[in-house]
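Before any comments, here is the structure.
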Amino acid sequence: QVQLVESGGGLVQAGGSLRLSCVVSGTIFSINAMGWYRQAPGKQRELVATITSGESTNYADSVKGRGTISRDNTKNTVYLQMNSLKPEDTAVYYCHAQVVISPRTLVEYTFWGQGTQVTVSS
């Protein structure tokens, strides 16, 4: 089974930084787009940043200039560097990946991690 495991979350003061990591493991032929979403209490899950296999990126307006998404294909890992953190960034951050399991069908499936809590104190 494909698994996505996030790490790097925690408690940080406003203005600080965190780097989130997500490792994808299991039966994998290829990983296409990867990304990060977050869900704050009482709010819908929202996109934070995505990165394609060609390393094209896009960011939510709220994190532009503060967040950087990157990936290491040799480690099946995606990262999210967050700087100048604000209390509004407090949320559970979920890793997302579009994974091709079978080299025969090349069908893409969506997988989610369990999430890592980011809490930014003021």
Please report the closest heavy-atom contact between [X] and [Y], naming both atoms and the distance.
X	Y	value
L4	C22	CB-SG, 3.9 Å
I28	N76	CD1-ND2, 4.1 Å
S122	P87	CB-CG, 3.9 Å

CE on M34 to CZ on F111, rounded to 0.5 Å: 12.0 Å
Between OH of Y109 and CD1 of I101, what distance do you get to the nearest 0.5 Å?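 Nearest 0.5 Å value for the OH-CD1 distance: 6.5 Å.
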Would [X] end up clustered with [Y] when hydrophobic side chains under 4.5 Å apart are linked, directly or stepwise?
X	Y	answer
Y59	L18	yes
Y94	W36	no
V63	Y93	yes

Counting neighbours of CD on Q114 that are heavy atoms of other residues, nucleotides or ligands and sit closer than 6.0 Å, is the number greater than 12?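 Count not over threshold, so no.
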Are E55 and R71 within salt-bridge range, i.e. N to O under 4.0 Å? no
Answer yes or no: is there an ion pair linking D89 with K86, defined by an N-O contact shorter than 4.0 Å? no
Flag, side chain of [X] to backbone of [Y], donor-acceptor distance under 3.5 Å:
X	Y	value
T77	V23	no
S53	N32	no
R66	S84	yes
T52	S56	yes
E6	G115	yes

Picking from L20, V92, L80, what satisfies side-chain contact (heavy atoms from CB on, under 4.5 Å) with V118? L20
